[in-house]
Every structure is written in C-alpha cells, then in structure tokens.
Amino acid sequence: MLELRLVQGSLLKKVLDAIKDLVTDANFDCSESGFSLQAMDSSHVALVALLLRSDGFEHYRCDRNLSMGMNLTNMSKMLKCAGNDDIITIKADDGGDSVTFMFESPSQDKVSDFEMKLMDIDSEHLGIPETEYHAIVKMPSAEFARICRDLSTIGDTVVISVSKDGVKFSTSGDIGSANVVCRQNNSVDNKDNETVIEMNEPVSLTFALRYLNSFTKATTLSNTVTLSMSKELPVVVEYKIAEIGHIRFYLAPKIED
Amino acid sequence: GKQQGSIMSFFKKQ
C-alpha cells in the first residue's frame, strides 16, 4: 500500500512539465526514503534523476518498495486536471496495475480522483559515481534558460567554459557566432540573483543545445540552477525543489573523435 | 568534428 500526500501539488505538475518531453515512459520508484525516478531520453544522451524525499510529504506511507511504470504523457494529462493550489495524493496497492491521483481543492469542497493504468517498463538503472567536479556554477535559472534559448537561435551546440573570469557560453552557426560571459557577482539583497563560481581548475565542454533547452523546462521549480562540470564528463544541471528534493539532468558532452 | 557520446558510456548499469 502506497499513499503519498503532497500539499503543494503544483510541484508535481511542474516536475512532469519539466521531464515529459525528454522522457516518454519511466518507472517511479517508491521507498521509505522517497519518491524517485531515473530515466534516459530515447537516444540515451541525457539522463534525468528526480528525488522527492519522504519528509517533504505531509503524509508518506510506503509499506514496501514499489516501482510503478508510467507513461509520462498520460500522467501529465491527468495532473493537468489538478488545480495549482490542489493537494495531490498518489495512491497504489502493492502489485496493482493502476495508480490513483487524488486532487483536493484547498477548501476541501472539491475532491477528484483519476486512475491511471500502469505499464511494464524495462529500464536500466545506471549507477552515477560520486565525482569531484572541476567547476560548479550557481546562477539564476531564468538567466540560464535565457542564454540557452538565445544561443539556440544561432547554433546547435554550446561550449561552456569556466575560468577565473567567469562562465562563458559560446556558439556558432551559419549566420554568425555568439558569446555570453557571466561573471561572479554577489547580490546583497537576493541570493537568487547571484552567480557563484567555484572552480578547482578551468573546464570547457561542448553540449547539444536542444537538450539544455529541454532541461530549462524545470526553471519554474527553482530560482537558481547549478551546473557541475568536469573534463570529459557529463554536466549535471540541477534544480532544487523547495524543501523536498531535486531534479538533476545529466548530459553527455560532445567529444572529439 | 565532435561526436555526441552516450550517457551510458559514463554511467554503468547497476
């Protein structure tokens, strides 16, 4: 028996919006520690890892570990039927073939339940090694989204370079080229507006912009984003989910033959 | 030119 009550139901709606275009089907894993998902996009270039910790739920009951295969397009259709202020409860029976999403309006005067069929998904769970990153950049998520969107009108790939001067995003295409440099700044008024660069050594990596643009659909989840990079390793693009967890996107770099 | 690698070449199956 599984019963997870999330008061801020809009978070789950936003999570689905953030990943449904990248991943079609995925297993949601439920354990004592939380509600999680790990899935790759269909071309196996990117991986998304979601964690909603159990202590972030108002009520969290998970009698035994459960993996529920869901079509994210269908799940998103159902969650779209929840109001933004609704409390969402996810319910499932052990060994059942469906999951129920219950939506309660804040004043409790409207209660809906939507039952969705589960599916069997053969997914490979990948082990993500602990890594010391050469550079970690924390910046406003809207700024990162703006840069990815702007540069994708010029080129298909972006070179992200971190040096002591700042973080540089560069692209080029048929019509020309573009560079955007963000320097470290300290905002006294608002930590969310800060760009903070922690660098052990300079790093420069090339990525396909269309994946980064897809990741920025998570911008509504957090005011800041963190980019963690090491030479010739996937970048981690992380959005914290207020008080409850995170969504991390891993993207394989483009590497010289 | 640069080639797109697979994420599976970095993270191993569990």
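Throughout, protein chains are lettered first and strands after them, A, B, ... in sequence-line order, and every chain is numbered starting at 1. What you see is a predicted model; the values in this text were computed from it and never measured.
At a 4.5 Å heavy-atom cutoff, the contact between Lys12(B) and chain A is made by backbone atoms alone.
Within 6.0 Å of the CG atom in Asp94(A), the count of heavy atoms belonging to other residues, nucleotides or ligands exceeds 12. Under a cut-off of 6.0 angstrom, the local environment of CG in Asp156(A) is sparse, with at most 12 non-hydrogen atoms contributed by other residues, nucleotides or ligands.
Residue-level contacts of residues 43-56 of chain A with chain B, in order of numbering, are His44(A), Val45(A), Ala46(A), Leu47(A); threshold 4.5 Å between heavy atoms. Within residues 246-256 of chain A, the residues having any heavy atom under 4.5 Å from a heavy atom of chain B are, by residue number, Tyr250(A), Leu251(A), Ala252(A), Pro253(A), Lys254(A), Ile255(A), Glu256(A).
Distance check: Phe11(B) CZ to Met40(A) CE gives 10.5 Å after rounding to the nearest 0.5 Å. Atoms CD and OH, on Gln4(B) and Tyr211(A) in that order, are 6.0 Å from each other to the nearest 0.5 Å. Between Met8(B) atom CE and Leu126(A) atom CG the span is 5.5 Å, to the nearest 0.5 Å. In this structure, Leu205(A) CG and Lys2(B) NZ are separated by 9.5 Å, a value rounded to the nearest 0.5 Å.
Remark: Leu118(A) pairs with Met68(A), Met70(A), Val99(A) by the side-chain contact (heavy atoms from CB on, under 4.5 Å) rule, at least two apart or across chains.
Counting only residues at least two apart or in different chains, ring-ring contact (aromatic ring centres under 6.0 Å, His included) contacts with residues 141-180 of chain A are absent.
Ranked by heavy-atom pairs under 4.5 Å with chain B, the list Thr206(A), Asp41(A), Thr157(A) is led by Thr206(A).
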